Amino acid sequence: MSATAFAPASVGNVAVGFDVLGLSVHAIGDRVTARRIDEPGVRIAAINGVVRDLPLDAEKNTAGMAVLSIIRDQQLKHGVELIIEKGIPLGSGLGGSAASAVAAVVAANALLSQPLDKLALLKHAMKGEEVASGSAHVDNIAPSLFGGLVLTVGIDNPNVKQIPLPANVRCVLVHPHMILSTREARKILKPTVSLSDVIWQTANLAGFLTGCFTGDLRLIGESLEDVIIEPQRRVLIPGFDAVKHAAKDAGALGCSISGAGPTVFAWLPVASAERARDGMVAAFKAHGLGSDAWISPLEPNGARLID
Ligand code: HSE
């Protein structure tokens, strides 16, 4: 008995919701096949695709740990073998560890006689994400599992809300060929924030969400700006300012770091998306970095069984 699931990449934070807001992007993702085996625990049989050099020890692997969490919680007698197919580059800021954990729990869930609901799967996938990044944030797990623009309130008993997506907007993603570790990008953040920045960022998050609920692109354009995290992390990404400038120049509603970076994302009206992509790629090139780029529609679809 086996099942295969696909889980999409995601943009963590979406500029204004550090650790609580995320957006699924369907251009790329990870696949995991889960097979029931007699021996207990999780056996990782293979890791293929764009990343292969990941731990085979289930306790140290995001997909492995997420499925171990299900096995322990459900006190299953059988074990699970996993084959992981990575479509998301390592350390790219596109939620690769989350996508592997999410695809693994969705595939393993299909092997259960009484499948778990999505909120239970979210908690198990979080155990996997913790292995990779050292903290239990959900801003990649939740959109990869539920799909679309997702706000998560609370950690122990999370409320997960899919936010309406504005029409005729595209998400441009440009991934420069370099690796940034989420752990490192979190370590550099200052532990305190000034009151004026908190006020500004709170207004931006509220404005952005209101803009999404009401389809108000002007309000989205005024509020899709990170005044707390981006100013601290931008130095980790060569050419970031020029890339952002190129996106804004092409008419971006907003442009910031995807998750912990180095991928940079921008929201654009459909008609300007290609121009922004080309400008962003050229800006990275001018700073000596090759890149991959995608234009993703904003869609509310999350992880799914494909076999
Ligand atoms: N919210 C996390 C961070 C996402 O920015 O550190 C990591 O993918």
Side-chain angles (χ1 to χ4, degrees), residues 7-25 27-30 51 54 62-63 65-66 86-103 122 125-146 149-155 158 160 163 171 173-176 178-193 197-198 201 204-205 208-209 224-237 240 244 254-266 296 302-303:
S10 54
V11 172
N13 307 329
V14 198
V16 286
F18 183 64
D19 278 0
V20 298
L21 193 62
L23 172 74
S24 63
V25 283
I28 53 173
D30 288 356
V51 186
L54 292 171
T62 57
M65 191 62 220
K86 294 289 300 174
I88 304 173
L90 187 72
S92 58
L94 287 166
S97 53
S100 289
V102 167
L122 179 89
M126 273 166 69
K127 298 277 182 215
E129 173 75 309
E130 238 176 302
V131 171
S133 66
S135 71
H137 55 269
V138 286
D139 53 324
N140 293 111
I141 298 275
S144 184
L145 180 60
F146 287 78
L149 180 63
V150 179
L151 174 72
T152 308
V153 179
I155 285 282
V160 179
I163 309 296
C171 183
L173 298 137
V174 183
H175 168 232
M178 61 176 280
I179 291 178
L180 258 187
S181 128
T182 299
R183 270 176 203 270
E184 297 305 315
R186 292 180 83 80
K187 255 194 221 158
I188 65 152
L189 299 176
K190 294 192 200 105
T192 55
V193 180
D197 281 352
V198 170
Q201 191 93 335
N204 282 353
L205 176 58
F208 176 65
L209 294 179
L224 189 52
E225 180 70 30
D226 171 11
V227 300
I228 293 177
I229 306 296
E230 183 190 302
Q232 299 180 65
R233 283 183 170 166
R234 50 180 269 287
V235 292
L236 302 174
I237 305 168
F240 174 79
K244 181 166 178 163
C255 172
S256 190
I257 302 167
S258 174
T263 295
V264 178
F265 82 96
S296 174

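Every number for a ligand or one of its atoms is a count from 1 in the order of the listing. These numbers come from the heavy atoms of this one structure, side chains and all, not from hydrogens, waters or symmetry mates. Because the structure is predicted, anything quoted here is derived from the model rather than measured.
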Does the side chain of [X] reach to within under 4.5 Å of the side chain of [Y], using non-hydrogen atoms?
X	Y	value
Lys244	Arg234	no
Asp139	Phe18	no
Phe146	Thr152	no
Cys171	Leu23	yes

Counting each atom of ligand 1 from 1 as listed, which ones have a heavy atom of [X] under 4.0 Å away?
X	answer
Asn13	1 (N), 2 (C), 3 (C), 5 (O)
Asp19	1 (N), 2 (C), 3 (C)
Arg233	3 (C), 5 (O), 6 (O)

- Would you check whether Asn140 has a nitrogen or oxygen atom less than 3.5 angstrom from a nitrogen or oxygen atom of ligand 1? yes
| request: Would you check whether Gly259 reaches within less than 4.0 Å of ligand 1, judged by its heavy atoms? | output: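 Yes; Gly259 lies near enough to ligand 1 that a heavy-atom distance drops under 4.0 Å.
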heavy-atom search around atom 6 (O) of ligand 1 in the protein gives Arg186 NH1, 2.6 Å
Which heavy atom of the protein is the closest neighbour of atom 4 (C) of ligand 1, given with residue, atom name and distance?
->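 Looking at atom 4 (C) of ligand 1, the protein heavy atom closest to it is Asp139 OD2, 3.5 Å.
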- Given that the side chain starts at C-beta and the backbone is N, CA, C, O, which of these parts of Ile229 lies under 4.0 Å from ligand 1, counting heavy atoms, or is it both or neither?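 Contact part for Ile229 vs ligand 1: neither.
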Short version for Thr182: what comes under 4.0 Å of ligand 1, heavy atoms counted, is side chain
Nearest heavy-atom approach of Val16 to Asn204 is CG1-CB, 3.7 Å
Identify the heavy atoms of Glu230 and Asp226 that sit nearest to each other, and give their distance.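 So the two residues come closest at N-OD2, 2.7 Å.
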Taken to the nearest 0.5 Å, the spacing of Asn13 CG from Ile228 CD1 works out to 11.0 Å
Note: heavy atom closest to atom 7 (C) of ligand 1, options His137, Lys187, Arg183, belongs to His137
